[in-house]
Each structure stands twice: as C-alpha cells, then as structure tokens.
Trainee: 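This is the structure I want to talk about, given as structure tokens.
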Number of protein chains: 2
Amino acid sequence: MRPTTKDLAIAAGVSLATVDRVLNDRSGVRKDTVERVNQAIEKLGFIRNLVAANLARGKDYRFLFLLPRGGDQFLAGVVARITEANLAFAPEMMRAEVRHIHDSDPHQIANLLGRLDAEQVDGVAIMAPEFPQVRDAMARLAERGIATVSFISGQISSAPEDFVGIDNRAAGATAGRLMGRFAPSVAGKILVVAETMHARDSLERRLGFDEVIHADYPHLTVLPSLETYGDPERSARIIRASFASHAGIAGVYVLGPEARVPLEIVTAQPTRAAIIAHERTPFTEAALLSGQIDALITQDPGHLVRSVMRILRARCDRREILASQEKIRIEIFIKENL
Amino acid sequence: MRPTTKDLAIAAGVSLATVDRVLNDRSGVRKDTVERVNQAIEKLGFIRNLVAANLARGKDYRFLFLLPRGGDQFLAGVVARITEANLAFAPEMMRAEVRHIHDSDPHQIANLLGRLDAEQVDGVAIMAPEFPQVRDAMARLAERGIATVSFISGQISSAPEDFVGIDNRAAGATAGRLMGRFAPSVAGKILVVAETMHARDSLERRLGFDEVIHADYPHLTVLPSLETYGDPERSARIIRASFASHAGIAGVYVLGPEARVPLEIVTAQPTRAAIIAHERTPFTEAALLSGQIDALITQDPGHLVRSVMRILRARCDRREILASQEKIRIEIFIKENL
DNA sequence: CGATTTTTGAGGTGCGTACCTCAATTTGAT
DNA sequence: ATCAAATTGAGGTACGCACCTCAAAAATCG
C-alpha cells in the first residue's frame, strides 16, 4: 500500500497538522522540522495522492483556448477535438472553453488576456501570431498565477516548453525532402502556395523547404511564394498566372491547410505535378486517397489539444510532464498509412 | 457546480442508496426506477467524479505486460516506456509490471495466464504470436474478470478493439509505396529481410508490400523473403548470398526491427539500394540521420504502452474509450522529421 | 527569570463517492 | 387477503487529503 500522510506523520515523529503544513507550504514550521518531514517523504517514498488532494480542495481546472476567428477545416478539427477532450477529461475535473479572437489584432488579444481572472481560469492556450503586446500580456498572466502555453503557431520568444506544436522548419524540410524524391529528377520548378508569408509558421516552413531543395535537389527551382490571403478568387488567379508564365512546374507545395483551390488548378493542368500539402482535413484526406495529393505533412489536432490540457494541468499542480508524451510529431501521410 | 449523486437522488426522487445501485450496476432495482435515475442523469448532465469514486473504492489498477524474452532494441524501448508510464500514471493509481515469456511456448504462456489471480491483476497486455491455447487462456481470463488486450503482434481472432497496434498490412503497403517512389524507376529487384515469416505481422507486412509493388511498380521484382531467425551470422550469410546471385538489387525492405546486419551488408555493396526498415531504435535513428536508411515505418512505443493502460483501465471501469486517442498511427520517418 | 512569540499537536469537518447494514415499503404470487 | 420476495430508504463508515480552530508546548527575548 502506498504510504499516506498519516504514515508520514508517524515516520517523521510529528503530527498530521505539521505534515499538512509542510506539504502545502504553509508558514509556522521550523526549518529543521520541515527537514525531518522531507526526509520521511524520501524514506517512505511518499507520493502525494493528487486525486484525494483535489477532491478535498474541491478543485477543478478551467482552461481557455484562444483560436483565430473564422478559419479553415483544420481549425474546425481543432475545435472538434477540444469538445471531445472536454468530455474525455471531465471525469478528471478538467474543462476547456474556446474563445475566438481576431488574430491580427494584438490589442484586442492583449486586452482579453488582461481581463482574465485567476478565479475563473486556470490556464490559457493561445494560437496567435507573434506580437510584443501579446507576449507581455502572457507574462503578466503568469504572474497572476494563470498558466499559459502558445500552440500551433508559436510566439517566437516562448521557451520550447511553452510551445505545443511542431517545429515548422523541420516540417518544411520534410516537405522538401519528399518533394525532392517525388518530383521527377530532371530540371523543374516548384510552386509554393501560402495564405500569407507574414505568419511565422509559413516563413519557417518555406525556409526548411528551401534548405533541403537547394542542398540536395539543385535541379529543382523553388519559385517565390504565392500569397492567397485566404481569398479563393485571388488564389485561383495567381496560381493560373504562375502556370501560364512558367513552363515545367514539377511540384506544388501548399504551405497552409487550405489546399482546395490550388489542387483544382494543378490537377487541371496537362502535366502532372507532385503535390504536397499540410494538415489532415476531410478535403485533403480525400485528395490523398484519390491520388491527387502525393503526401500530407500533419500534426495531430487531437494530440495537440490533449497535450495542451495535460501541460496546463501539470503547471497548475507544479508537476513535471512526461516529455515524450507531449512531443508533437511531424507526421507524414501517404495514401497507404492514412 | 457539477451535480453530485445527491442532486441525482433528489432529481430522480429516489434515495442515495438507489442512485448508488444504479450507478454501480448492482442488482435489486426495478427497471423503471433505473430508467428514472438514468433520465435524471441525462437531465442534469451528471458526470461521475471518477476521482472521488476511486478514492472511495481505494482501488488501484495493476496491469501486466507479457513480452517476449530477450528481444531487440525496439522491445527494450517498450520496456523503457512501461517504466516511464508507471511513473506518469502513478498519481492515477495505475501500476504496470513486465513479465517475460518464451513467445514460442504457448503452453507456458497459457499456464502463466491461467494462474493469474483477479485479486492481484486487473488487466493483462500480451505480445505473443497466435496460438489457440493462448487465445483460450485469454478468454478464460476475461471470464474471471481480468481485462486483456493483445498488442503489437495481435492474436488473429481478437476483435479490433482488443488489439493495440498498427495494421501491419497497411504498414507493409506504406513501405511498398515508399519503396516504389524511392527506388529508381528502372527494372530492379527488392530484397525482403525478416526474422521469421512464421509471425503474423511479418506475413501481413509482406502482403501489403507486395500488393502495392505489384499494382503500381511492375518494374520492381520482390524476391522471396530471407529469414534470419535472429541469428546475425546466418543473416549476414544469406543476405550476402542474395547479393551475389542477384544483379540489380534496387531496394531492401527490412521487415523486423533488427536492421543492423542487413544494413552493414547493403551499404558495403558497390551500388546504392533504397532501404526501408521498421521501428525507431537508437540504431535505426542513427542510420536514418546518416542517410543509410531512407525511411522508417514505425509505431510509437510510448503511445502503445499508454494506450494499453488507458484501455485496460477503461475496461475495468466499464467505460468507453476515446477512440481517436487510442488509434495507433503508422508513422513514417525520414531524416527531416525524426 | 518571566513574558512574548513561534511552533506544534489534537481534533474536527468536508470533498464525492463506494459499500455496507437493517428496517420499511412495495410488489407479486397464491 | 396473505405471505414471501423483491425493492427501496436511511444512515453509517471509509478513502486521503485540505483546511480550520484552539490549546499546549517550546523557543526566543529582554
């Protein structure tokens, strides 16, 4: 049987009240008494029963996910996973809410963060581009005892352990390697389609992509990124224009999760180009299965969401996390392993 | 505040004792009373507080992993993850032990299973080849109230929900697709190296591999599988012999997790062959990074282990699992996304 | 040294549930 | 209608811990 606080008290030769004071960091205990208790903890291998502690404390964990408004199928998937995680974690007294933000309005975001109350929220996960105001607001949250992580698209300054998501440079490099191997080994051009190159993740992906192509596939030329700004018509126009002005397009790399328009245009071309896209959505899955897309680079939204919740909770409990469980993998999907 | 059993009792117009009987599936409650309580659960959105329940029950969960004796680096990784999961799940009162078995001795395995006591073990995860005796022993365990799953290499008869691991046919198909795309697009031969083709997973992988190659890469010829029987010398001998007798080997597919010997020999050949192997070990990782292996098809041992523990626990609690979390993915690793 | 402050002990209550007992009530069968 | 059986209620104890109070003991100070 696992030792309890009672066993601890006996082993340390103190009362339950003192054990409690030490365990919960309360004042009014002499240093050497604290030491005695800590030694007993060591000796017995006492592990605090968090389950019972939280029950006694009546504690529950309330987390907040701040996501960009609107959004693509990938984001919709993230929201769906949050709902799912909410059910799955409910027996463990954890709850998550989604709030949408204008991800281009740092002032609004900082404002929202500033108004959060530690009484009502235990942790926040933010998906927003890099803004100094947001970063500062996050720091102030931490001071007020609210745990924060940024996820999917990270704040540049955030320490690795404060970021839940993939290494986008590596993801781009992965795309680059696959492109190099999937495209024909003769001279050709690669089209890169992004929603915007202002986002850090797009930049990093492109960077990683270029690195690999330049180093190992010099016969391929990567064209300047096309920016769709989320506008399907603009998207169609500029991609068509690219095909018109460039002969020999051997591959298309779609940086963002909206692959529909690029795909339609590419498949309408007379010559087949290798297509690599990001994120698993109903649309990209179907395209992969039908052979229109050659490979998908993804991160598992379910894993992301659960990881965020476990990490935030560990922060609240001042516990260590199981690093290997929280590492978000860069997944490669082809038709066969979908 | 979340509704408690007390709220439930009031809402259903019954006593706490009756609520308890319904929640814990005890006998002696009329059908319509059960119905009333269930309706109240619906209406209030009652979620049982597992934390409190387990505290009251004083229950802990003891699980047993039965793994083949000896074993490769992959197995060692699995064991390491079990140790790790043991720590991570300790606050939730779950413990796992490893016991090694002779995976070719069904009698010993069945015997061991037969002696397990429901007082001491709540669930068992078995990694062993298909044997009728083992299957029967597992069925008897279930009758005695001990949860079972087979993992990694499944019992053929086990329902999908009783198996934790990847679809090996799909994994082989994935390897096939990558081989098709990585190998040169001229006529060539593919070497397949397995520990033994008696194991079901090897057979299935080979099957999936062949399917893809035959369908889409007819210029590639897949040679009969070489069986190493886990013997490095034999392994070296037969692989060398293959290279000697076959010209134009364009690729090597290593079915099992022991890639060392095949790799050494292949890289010693004058012509480069594409190499695809299974499982992530210190050795295969290094080989992938150094460019000796082209791709790895893997399943995450950490995920496997945690999944087993969550599933076994859900069985014990007669709870549903979160299917999306427990689906083990067929991962593809290349140098860039390791 | 006594007076004051600090430290410690003893004990209680409650968190939400499990599980038990015993008596009271209802139901079903005859 | 009667009796046995099935169902339900009331109430208690326990799980391991947090948090509280009050008094007793010990340490510290002038």
Side-chain angles (χ1 to χ4, degrees), chain A residues 1-38 40-41 44-61 89-95 316-319, chain B residues 1-38 40-41 44-61 90-95 122 145 313 316-319:
Chain A
M1 225 41 212
R2 257 163 62 161
T4 70
T5 44
K6 192 170 282 189
D7 302 319
L8 249 192
I10 296 170
V14 298
S15 72
L16 267 176
T18 300
V19 166
D20 175 66
R21 288 179 184 115
V22 173
L23 284 181
N24 295 294
D25 230 23
R26 275 184 259 279
S27 64
V29 185
R30 252 183 307 154
K31 264 197 295 232
D32 55 319
T33 312
V34 173
E35 197 39 45
R36 281 229 308 285
V37 175
N38 282 329
I41 290 176
L44 295 189
F46 172 82
I47 302 173
R48 196 204 200 108
N49 186 338
L50 265 186
V51 153
N54 283 334
L55 177 61
R57 209 178 259 135
K59 170 141 196 67
D60 61 346
Y61 302 85
F89 284 131
E92 294 167 50
M93 311 302 282
M94 295 198 248
R95 277 186 290 175
C316 293
D317 294 341
R318 285 173 186 70
R319 254 186 319 123
Chain B
M1 227 40 210
R2 255 162 63 160
T4 70
T5 43
K6 192 170 284 191
D7 302 319
L8 250 192
I10 296 171
V14 299
S15 72
L16 266 176
T18 301
V19 166
D20 176 66
R21 288 178 184 116
V22 174
L23 284 181
N24 295 295
D25 230 23
R26 274 184 262 279
S27 62
V29 185
R30 252 181 307 152
K31 262 193 291 204
D32 54 319
T33 310
V34 173
E35 197 39 44
R36 281 229 305 287
V37 174
N38 282 329
I41 291 176
L44 296 188
F46 172 82
I47 302 172
R48 198 199 198 117
N49 186 338
L50 261 190
V51 153
N54 282 332
L55 177 60
R57 211 179 255 134
K59 170 145 194 66
D60 60 346
Y61 302 84
E92 294 167 50
M93 313 302 281
M94 296 197 247
R95 278 187 291 176
D122 300 289
R313 170 154 179 198
C316 293
D317 294 342
R318 286 172 187 70
R319 253 186 320 121

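Proteins come first, then strands; the chains are lettered A, B, ... in the order of their sequence lines, and each starts at number 1. Scope of the values below: all heavy atoms of this structure, side chains included, with no hydrogens, waters or symmetry mates.
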Trainee: Side chain of B:Arg26 only, heavy atoms from C-beta on: which candidate in C:dA18, C:dG14, C:dG16 is closest?
Mentor: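 Nearest listed nucleotide: C:dA18.
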Trainee: Testing the basics here: between A:Leu44 and A:Pro3, what is the closest heavy-atom pair and its distance to 0.1 Å?
Mentor: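 Shortest heavy-atom contact: O-CG, 3.6 Å.
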Trainee: Counting heavy atoms from C-beta on, name the nucleotide in D:dT7, C:dC19, C:dT7 closest to the side chain of B:Asn24.
Mentor: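 Side chain of B:Asn24 sits closest to C:dC19.
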Trainee: Heavy atoms only, 4.0 Å cut-off, all strands: where does B:Asp20 land among base, sugar-phosphate and nothing?
Mentor: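 Here B:Asp20 touches the bases of the nucleic acid.
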Trainee: Collect all protein-nucleotide pairs involving nucleotides 21-23 of chain D in which both atoms are nitrogen or oxygen and the distance is under 3.5 Å.
Mentor:
none

Trainee: With the side chain of B:Ala52 defined as its heavy atoms from C-beta on, choose the nearest nucleotide among D:dG9, C:dG16, C:dA18.
Mentor: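 Within the option list, the nearest is C:dG16.
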Trainee: Out of D:dC17, C:dT7, D:dT7, which nucleotide sits closest to the side chain of A:Arg30?
Mentor: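 Taking heavy atoms from C-beta onward, the closest nucleotide is C:dT7.
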Trainee: Given C:dT17, is OP1 or OP2 found less than 4.0 Å from the side-chain N or O atoms of B:Arg57?
Mentor: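 B:Arg57 to C:dT17 OP1/OP2: no side-chain N or O under 4.0 Å.
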Trainee: For the side chain of B:Arg48, starting at C-beta, report the closest nucleotide among C:dA18, C:dG14, C:dT8.
Mentor: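 Within the option list, the nearest is C:dA18.
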Trainee: Going by number, which of residues 2-9 of chain A have a non-hydrogen atom under 4.0 Å from DNA chain C?
Mentor: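 None, since no heavy atom is under 4.0 Å.
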Trainee: Go through D:dT8, C:dG16, D:dC17 for me and flag the one nearest to the B:Asn49 side chain.
Mentor: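 Nucleotide nearest to B:Asn49's side chain: C:dG16.
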Trainee: Could you work out which one of C:dG16, C:dT8, D:dC17 sits closest to the side chain of A:Ala56?
Mentor: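 When the side chain of A:Ala56 is considered, D:dC17 is the closest of C:dG16, C:dT8, D:dC17.
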